[in-house]
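Step one of this worksheet: look at the structure below.
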Amino acid sequence: MSSILKIEDFVTIETHFGVAEHYIRANTRNKCSDDLASMINEVARILFPDDRFDIYLLPPEPGSYRDIVKFVRTNRVGSLVGLAITVGGLVLGYLNYKDSHEAHLEGMKMATIDETTKCLQLQMTMEDLKNDYSIQSVPGEKIQEVCENLNLKKKKNSFYNTLRGDGMISNNETILKDSANQSVFSKTIQRIDFSKYIEPILDQEYSQENNEGIVELISPVVKQKKDGKGIAWRGTYYGEDILYNSIPILINGDDIEFYMQDPDFKGQISSKERTFAVGDNMKIVFTITGELKNGAFQNRSIYIKEVRSYNEDTIPHKARLSKSVPSIPNNQTELFGNI
């Protein structure tokens, strides 16, 4: 076999669903496992973007129902030890963080305090792990990125909402174990407290100026209405992805509507100095506004402030690449593909 299962390369996370009998609703088990795998994926991407992790589901122990996920590092670059423990420690530290819940009532100010507290607790978790395991120090900015990541928050909330919605579950225990099957971290949360681990996702206005990119025109507007809101242009955006706490704001290749606000360029249209043809493109400086609601970006508006050049750039169309399916180690069932 390959070397992906070396001792230092894997850890397991056990989810012990507190049920009276030796069975559990399939939807509960599947949804919680999916949310947990997504959290592992997201933390691994933030901490170690150049490494790859696989996630596998192991059989439960006889006589009890235990959802056991093993995740292994499959890109061995250098002799780094403890990556999986670092990822697993942060995932369970995040999953088992309980905010003050005052943020639910007092809005952004208390939410900011809670985020700071969460970051400090996760940093302490990493320091505690270093006492027993040879793991890398996690930079403060990486901890901050984990704390502010809304994908993680949504998956954590989904995890506890699923548990809360299943009346069979009296408690839930999560355990991180190292490759020697020794417990690294464990915590049990009672049913009455599930709702306390659901974190608020607050709505807020969004605005970002001085973005740069290229737009390939689909539908320019030669003449605007004299009264009321202007008619939107249409085009395809090419440039750097714009994200806010992992929420997509504008992604390379997006078809967009936008409003032309460059007075010089609008003057060239009015004086008929500027004509349009299929495939025209322009390098632009633009502003994006909108609203962040329930962890998603809504009501996006794009305003072009300056056209810096016209038909002077080659549109960087990206080829679609097919991904090969990796082999699965013997006696293991691949749960959520490659991470």
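Contact of the Val43 side chain with the Tyr94 side chain is not registered, since no non-hydrogen atoms from C-beta on lie closer than 4.5 Å. Counting heavy atoms from C-beta outward, Ile175 and Thr12 have side chains that stay 4.5 Å or more apart. Inter-residue side-chain proximity for Cys32 and Thr15 is flagged as unmet; no heavy-atom pair is nearer than 4.5 Å. Between Asp193 and Asn171 there is no side-chain heavy-atom pair separated by less than 4.5 Å.
Remark: the Tyr206 side chain and the Gln208 side chain contain an N/O donor-acceptor pair separated by less than 3.5 Å. Counting only N and O atoms by type, the side chains of Asp280 and Asn311 include a donor and acceptor under 3.5 Å apart. With no hydrogens or angles considered, no side-chain donor-acceptor pair links Lys196 and Tyr160 at under 3.5 Å.
Contact check on Asp254 versus Arg300 returns a salt bridge, with a Lys/Arg side-chain nitrogen under 4.0 Å from an Asp/Glu carboxylate oxygen. Under 4.0 Å is where a charged nitrogen must lie from a carboxylate oxygen, and between Lys156 and Glu199 at least one such pair does. With salt bridges taken as basic N to acidic carboxylate O contacts below 4.0 Å, one links Lys177 and Glu14. A salt bridge links Lys31 to Asp35: at least one charged side-chain nitrogen sits closer than 4.0 Å to a carboxylate oxygen.
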Determine, step by step, whether Ile24 and Ile169 satisfy the side chain to side chain contact (heavy atoms under 4.5 Å, CB included) criterion, reporting the C-alpha distance in whole Å, the side-chain angles of both residues, the deciding distance to 0.1 Å, and the verdict. CA-CA 8 Å; Ile24 189 173; Ile169 307 253; 3.8 Å; yes
Stepwise ring pair (Phe, Tyr, Trp, His ring centres under 6.0 Å) check, Tyr244 with Phe297: CA-CA 9 Å; Tyr244 179 81; Phe297 187 56; 9.1 Å; no
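If you take OG1 on Thr188 and CG on Asn172, they are separated by 8.0 Å, rounding to the nearest 0.5 Å.
The 12-atom threshold is exceeded at NZ of Lys142, counting heavy atoms of other residues, nucleotides or ligands nearer than 6.0 Å.
Grouping the Ile, Leu, Val, Met, Phe, Trp and Tyr side chains by contacts below 4.5 angstrom, directly or via other members, places Val222 with Met282. The hydrophobic clustering, which links ILVMFWY residues whose side-chain heavy atoms are closer than 4.5 Å, places Leu120 and Tyr197 apart. Note on Ile218: it does not cluster hydrophobically with Phe286, by side-chain heavy-atom contacts below 4.5 Å among ILVMFWY residues. Neither Tyr238 nor Val285 shares a network with the other; the hydrophobic side chains, linked directly or stepwise wherever heavy atoms of I, L, V, M, F, W or Y lie under 4.5 Å apart, form separate groups for each. Side-chain heavy atoms closer than 4.5 Å link hydrophobic residues (I, L, V, M, F, W, Y) into clusters, and following such links, possibly through other members, connects Val215 to Phe276.
For an aromatic pair to be called close, the ring centres must be under 6.0 Å apart, and Tyr237 with Phe258 fails this.
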With a 3.5 Å cut-off and sequence neighbours excluded, list the donor-acceptor pairs that the side chains of residues 123-132 form with protein atoms.
residue, atom, partner, partner atom, Å
Thr125, OG1, Gln121, O, 3.0
Lys130, NZ, Ser137, OG, 2.8

